S.K.: 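One structure coming up, written as structure tokens, with questions to follow.
Everything quoted here is computed from the prediction, not taken from an experiment.
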Amino acid sequence: NVDVFSIVPSIGSGDNWKPDLRYGLIVKEGMLMSPKDNQDIVFRTVEDCNFKHSSSYDPMDISIYEHTNNTPHRYLIKKQVKAVAGQIREESFEFNEPEKYQKVLLDSDDIIEILSVVDSDGNTWYEVPYLSQDTVFTDTENSADYDSELSQYSDSAPFLLKLRKTPRRFISRVREDNRTELQFGSGVSTDPDEVIIPNPANIQNENVSTPINLLNGAFDPANFLKTKTYGQVPHNTTLTITYSYGGGIETNIPANELTEIGSIEFTGDDDPDLDDSIIQTGKSSIACINPVPATGGRAGESIEEIRNNALASFASQNRCVTKEDYVIRSYTLPPKYGSVAKAYIVQDEQLNQSGYTMS
């Protein structure tokens, strides 16, 4: 947890002075921070820090920073965001002719997370646990533009969880030499899947512009390996892969060490009705510190740990198995999507089967 501070001017009169949150900034996720005495250790924020509003999900502390004769001139605002350790790096790979299950190998060791994969056309590629999974969850801002009914709960659930179907996906694996490779699918054709595997409804259908007459022929059972069933192969494009690497025990820094800001970006600072000099002063006032020690950094797993974790993974297959699994999974919903107050599992008597339903 990192405390982030910003200074904003006051507005009002008499007993109604308050911070002028029009000058509140939005610090974009990805702000880089380091301890003052060790610039090699880098932390980055994993969520936006929004100084424009406060809510039960994202509260902010307000105190008077500067005043004269009990008249406040400026306020100090504090918010808390999550940060993780890891250096950031980008690599680009050029793809020409499509090739089934093509792989790319990243240069860095000890890769923590693949942050983004974007091609030269601006399309995003998504990481999935296995290539046959064709859906991913994406964040959507909880606003009236996306959902007029749920937007009324934006204070407690600022984001909505959406399910998206995409052919642009990949898996990642760590090799024996501790380097990470990305593997893509088998969809080498640029034609729609309906052309590779024709729809039976179109066979000898005179209403189709190009009638398909294959009743006396045989369909190739391997055709599905050329479709996007296992994902699309990048071709005639360049992929830019952004990832974080490093971490380890040395990043478990003590409290009050994370004070140096290395890189920061803002949004929501382009209102033409506001004083640009005050906005620039607010940007210069951004400061940070970690009130508690950073934890979680560790060395690689031992052989015995890998053996035990493999046994647990084989039994669960990344699924909820028991009733307790479903309850725990519901409680671990990230708070930006709302929160579950109580969860209880009962057997589904209506369907008369050995399944479970959660209420």
S.K.: What is the minimum heavy-atom distance between D107 and Y243, and which atoms define it?
M.R.: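 Distance-wise, the nearest heavy atoms are N-OH, 4.2 Å.
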S.K.: Rounded to the nearest 0.5 Å, what separation is found between the OG1 atom of T45 and the CD atom of Q80?
M.R.: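 Between T45 OG1 and Q80 CD, I get 13.0 Å after rounding to 0.5 Å.
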S.K.: Please give me the minimum heavy-atom distance between P291 and A255, naming the atom from each residue.
M.R.: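 Scanning both residues completely, I find the closest heavy atoms to be O-CB, 3.6 Å.
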S.K.: For Y75 and S63, does a side-chain donor sit closer than 3.5 Å to a side-chain acceptor?
M.R.: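 Checked: Y75/S63 side chains show no N/O donor-acceptor pair below 3.5 Å.
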S.K.: Do any N or O atoms from the side chain of N50 and from the backbone of I26 form a donor-acceptor pair under 3.5 angstrom?
M.R.: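 No, the answer is negative, given that no donor and acceptor are paired below the 3.5 Å cut-off.
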S.K.: Distance-only, no hydrogens or angles: does the S108 side chain make a donor-acceptor pair with backbone N or O of I111 under 3.5 Å?
M.R.: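 Not confirmed, S108 side chain does not pair with I111 backbone.
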S.K.: Using modelled atom types only, decide if a donor and an acceptor are shared between the side chain of T180 and the backbone of L106 within a distance under 3.5 Å.
M.R.: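 Answer holds: no.
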S.K.: Calculate, to the nearest 0.5 Å, the distance between atoms NZ and CZ belonging to K103 and F184 respectively.
M.R.: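 Going from NZ on K103 over to CZ on F184, the span is 12.0 Å.
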S.K.: Counting C-beta onward and ignoring hydrogens, is there a side-chain heavy-atom pair between I286 and V4 closer than 4.5 Å?
M.R.: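 Answer yes - side chains close enough.
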S.K.: Any donor-acceptor pair under 3.5 Å linking the side-chain atoms of E113 with those of Y245?
M.R.: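 Absent: no donor and acceptor within the cut-off.
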S.K.: Taking CG in N70 as the centre, count heavy atoms belonging to other residues, nucleotides or ligands within less than 6.0 Å. Is the count above 12?
M.R.: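 Open.
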S.K.: Which residues pass the side-chain contact (heavy atoms from CB on, under 4.5 Å) test with T259, not counting sequence neighbours?
M.R.: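 If we apply the side-chain contact (heavy atoms from CB on, under 4.5 Å) test to T259, skipping adjacent residues, the hits are K36, I289.
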S.K.: Any chance the side chains of N309 and E301 put a donor and an acceptor closer than 3.5 Å?
M.R.: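 Distance-only check passes for N309 and E301.
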S.K.: CD/Q183 to OG/S172 distance, rounded to the nearest 0.5 angstrom?
M.R.: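 One finds 10.5 Å between CD of Q183 and OG of S172.
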S.K.: In the structure I gave you, are the side-chain heavy atoms of R74 and V8 within less than 4.5 Å of one another anywhere?
M.R.: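 Side chain of R74 against side chain of V8, heavy atoms only: no contact under 4.5 Å found.
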S.K.: Answer yes or no: is there a donor N or O on one side and an acceptor on the other, between the side chain of N252 and the main chain of G297, under 3.5 Å?
M.R.: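 Side chain of N252 to backbone of G297, a donor-acceptor pair under 3.5 Å: yes, one is there.
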S.K.: Would you say the side-chain atoms of D275 and S277 include a donor-acceptor pair closer than 3.5 Å?
M.R.: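 There is such a pair between these side chains.
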S.K.: For atom NZ of K283, is the number of surrounding heavy atoms from other residues, nucleotides or ligands below 6.0 Å larger than 12?
M.R.: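 Counting neighbours around NZ of K283, more than 12 heavy atoms of other residues, nucleotides or ligands fall under 6.0 Å, so yes.
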S.K.: State whether the side chain of D48 and the backbone N or O of E29 hold a donor-acceptor pair below 3.5 Å, judged by distance alone.
M.R.: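 Yes: the side chain of D48 pairs with the backbone of E29.
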S.K.: Residues in side-chain contact (heavy atoms from CB on, under 4.5 Å) with T135, at least two apart?
M.R.: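 Here the qualifying residues are Q133, L163, K165.
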S.K.: Any luck finding a side-chain donor-acceptor pair between T237 and S120 under 3.5 Å?
M.R.: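 Yes - a donor-acceptor pair under 3.5 Å links their side chains.
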S.K.: Looking at every non-hydrogen atom in both residues, tell me the closest pair between Q87 and D40 and how far apart they are.
M.R.: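 Looking at all heavy atoms of both residues, the shortest contact is NE2-O, 2.8 Å.
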S.K.: Please say yes or no: joined through hydrophobic side-chain contacts below 4.5 Å, possibly via intermediate residues, are V42 and I88 part of one cluster?
M.R.: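 Both belong to a single hydrophobic cluster.
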S.K.: Using a cut-off of 6.0 Å, state whether more than 12 heavy atoms not belonging to E305 lie near its atom CD.
M.R.: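 Above 12, so yes.
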S.K.: Treating D147 as the side-chain partner and S151 as the backbone partner, does any N or O pair qualify as donor plus acceptor under 3.5 Å?
M.R.: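 No; judged by distance alone, with no hydrogens or angles, the pair does not exist.
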S.K.: Ignoring hydrogens and geometry, is there a side-chain-to-backbone donor-acceptor pair from N290 to P254 under 3.5 Å?
M.R.: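 Indeed, once roles are kept as given, a pair shorter than 3.5 Å links the two residues.
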S.K.: For Q152, does the CD atom sit with more than 12 other heavy atoms under 6.0 Å from it, leaving out its own atoms?
M.R.: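 Yes.
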S.K.: Measure across T238 and S92 and return the closest heavy-atom pair with its distance rounded to 0.1 Å.
M.R.: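 Scanning both residues, the minimum pair turns out to be CG2-CB, 4.1 Å.
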S.K.: Looking at D325 and V321, would you say the former's side chain and the latter's main chain have a donor-acceptor pair under 3.5 Å?
M.R.: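 Yes.
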S.K.: Give a yes or no on this: more than 12 heavy atoms of other residues, nucleotides or ligands lie within 6.0 Å of atom OH of Y331.
M.R.: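 Buried by this count: over 12 neighbours within 6.0 Å.
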S.K.: Is there a donor-acceptor contact under 3.5 Å from the side chain of E265 to the main chain of M31?
M.R.: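 Not confirmed, E265 side chain does not pair with M31 backbone.
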S.K.: Please identify each residue that fulfils salt bridge (charged side-chain N to carboxylate O under 4.0 Å, His left out) with R22, with sequence neighbours left out.
M.R.: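 With neighbours one apart ignored, the set is D20.
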S.K.: With rounding to the nearest 0.5 Å, note down the distance linking NE2 in H73 to NE2 in H67.
M.R.: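 Nearest 0.5 Å value for the NE2-NE2 distance: 8.5 Å.
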S.K.: Answer yes if the side chains of D110 and N178 hold a donor-acceptor pair under 3.5 Å, and no otherwise.
M.R.: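 A pair is found: one side chain offers a donor N or O, the other an acceptor, under 3.5 Å apart.
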S.K.: Quick one: side-chain contact (heavy atoms from CB on, under 4.5 Å) partners of D139, sequence neighbours excluded?
M.R.: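 With sequence neighbours excluded, D139 shows a side-chain contact (heavy atoms from CB on, under 4.5 Å) to F159, L161, K336, Y337, given in chain and number order.
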S.K.: Work out which heavy atom in V233 is nearest to a heavy atom in K100; give both atom names and the distance.
M.R.: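 Heavy atoms of V233 and K100 come nearest at CG2-CA, 4.4 Å.
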S.K.: Rounded at 0.5 Å granularity, tell me how far CG in D58 sits from SG in C49.
M.R.: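 These two atoms lie 7.0 Å from each other.
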S.K.: For the atom pair SG (C288) and CZ (F5), what is the distance rounded to the nearest 0.5 Å?
M.R.: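 Interatomic distance, C288 SG to F5 CZ, rounded to 0.5 Å: 9.0 Å.
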S.K.: Answer yes or no: does atom CZ of R329 have more than 12 heavy-atom neighbours from other residues, nucleotides or ligands under 6.0 Å?
M.R.: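 Count not over threshold, so no.
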S.K.: Keeping to residues at least two apart or across chains, list the ring-ring contact (aromatic ring centres under 6.0 Å, His included) pairs with something in residues 31-56.
M.R.: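 Listed by first then second residue: nothing to list.
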S.K.: Quick one: are D61 and I77 in side-chain contact, heavy atoms under 4.5 Å?
M.R.: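 No, every pair of side-chain atoms sits at 4.5 Å or beyond.
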S.K.: Under 3.5 Å, is there a donor on one side chain and an acceptor on the other for N1 and K82?
M.R.: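 Note: N1 and K82 side chains meet the donor-acceptor criterion.
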S.K.: Please check this pair: side chain of Q102 against backbone of P98, looking for a donor-acceptor N/O pair closer than 3.5 Å.
M.R.: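 Judged by distance alone, no pair lies under 3.5 Å.
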S.K.: By side-chain contact (heavy atoms from CB on, under 4.5 Å), which residues pair with I112, not counting sequence neighbours?
M.R.: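 With neighbours one apart ignored, the set is S244.
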S.K.: Under a plain distance cut-off of 3.5 Å, with no hydrogens placed, do T138 and R164 share a side-chain donor-acceptor pair?
M.R.: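 Side chains of R164 and T138: no pair found under 3.5 Å.
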S.K.: If we ignore angles and hydrogens, is there a donor and acceptor under 3.5 Å between the side chains of R169 and Y230?
M.R.: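 There is no such pair (donor and acceptor under 3.5 Å, judged by atom type) between the side chains of R169 and Y230.
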S.K.: Taking all heavy atoms of V340 and all of A343, pick out the closest pair and write down the distance.
M.R.: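 V340 and A343 have their closest heavy atoms at CG1-CB, 4.2 Å.
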